[in-house]
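Report on the following structure.
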Amino acid sequence: MGTPISAEKIGAAEETTVYAEEMMGKLNINTATAEELIRLSGIGEKRAADIITYRERNGGFFSIEDIMKVSGIGEKTFEKIKEEITVGE
């Protein structure tokens, strides 16, 4: 394992969680920008906009599987991106 990083160094405990997820290469679908979402396999501009619209209308995603509630994202797309996404903690 690496050297632990204190919350003071990063700014806050919440930011520590985000930092750790980013280090693992996971994208938080509750906070990602359209540009970040487009980097996911099978997600283009329209789908990224749909993801953002969904989370704004529904208060975010509670599990990574919830992304399949977005129109146009089914099992195949989910299988491609599930290892790359998170909803945070």
Side-chain angles (χ1 to χ4, degrees):
M1 293 217 155
T3 304
I5 299 174
S6 70
E8 294 92 48
K9 287 185 178 180
I10 294 177
E14 183 176 302
E15 291 178 22
T16 303
T17 300
V18 172
Y19 179 75
E21 289 165 348
E22 288 172 0
M23 292 301 291
M24 293 183 335
K26 296 204 177 205
L27 180 65
N28 186 331
I29 57 175
N30 282 319
T31 60
T33 65
E35 292 79 17
E36 291 169 325
L37 290 165
I38 291 169
R39 294 182 197 148
L40 296 170
S41 179
I43 306 297
E45 288 181 28
K46 168 132 179 41
R47 204 65 63 229
D50 292 343
I51 291 168
I52 292 169
T53 298
Y54 178 91
R55 74 181 186 213
E56 289 172 351
R57 290 185 180 161
N58 297 285
F61 299 97
F62 297 99
S63 70
I64 62 171
E65 291 82 7
D66 283 348
I67 200 165
M68 289 188 287
K69 294 179 181 178
V70 175
S71 179
I73 299 180
E75 294 258 347
K76 288 182 183 180
T77 301
F78 178 71
E79 286 298 317
K80 290 180 190 176
I81 65 174
K82 71 180 182 181
E83 299 299 323
E84 301 174 45
I85 60 174
T86 184
V87 293
E89 303 223 4

Identify, with sequence neighbours excluded, every residue that meets salt bridge (charged side-chain N to carboxylate O under 4.0 Å, His left out) alongside [X].
X: R47; result: D50
X: K82; result: E79
X: K69; result: D66

Separation of L37 CG from T31 OG1 (nearest 0.5 Å)
9.0 Å

Rounded to the nearest 0.5 Å, what's the gap from CG on N30 to CD1 on I85? Could you check?
10.0 Å

Testing the basics here: between [X] and [Y], what is the closest heavy-atom pair and its distance to 0.1 Å?
X: R55; Y: I29; value: NH1-O, 2.8 Å
X: T77; Y: I43; value: CG2-CD1, 4.0 Å
X: K26; Y: E83; value: CE-O, 3.6 Å
X: K80; Y: S41; value: CD-OG, 3.6 Å

Residues that E84 engages under side chain to side chain donor-acceptor pair (under 3.5 Å), provided they are two or more places apart:
none

Excluding sequence neighbours, so at least two apart, what forms side chain to side chain donor-acceptor pair (under 3.5 Å) with E75?
none

Considering residues at least two apart in sequence or located in another chain, which fulfil the side chain to side chain contact (heavy atoms under 4.5 Å, CB included) criterion with I38?
E45, A48

Which pairs count as ring-ring contact (aromatic ring centres under 6.0 Å, His included) when at least one residue sits in residues 57-81, sequence neighbours excluded?
Y54-F61

Under a 4.5 Å cut-off applied to non-hydrogen side-chain atoms, are I73 and I51 in contact?
yes

Can you list every salt bridge (Lys or Arg N to Asp or Glu O under 4.0 Å) pair that touches residues 29-39, not counting sequence neighbours?
none

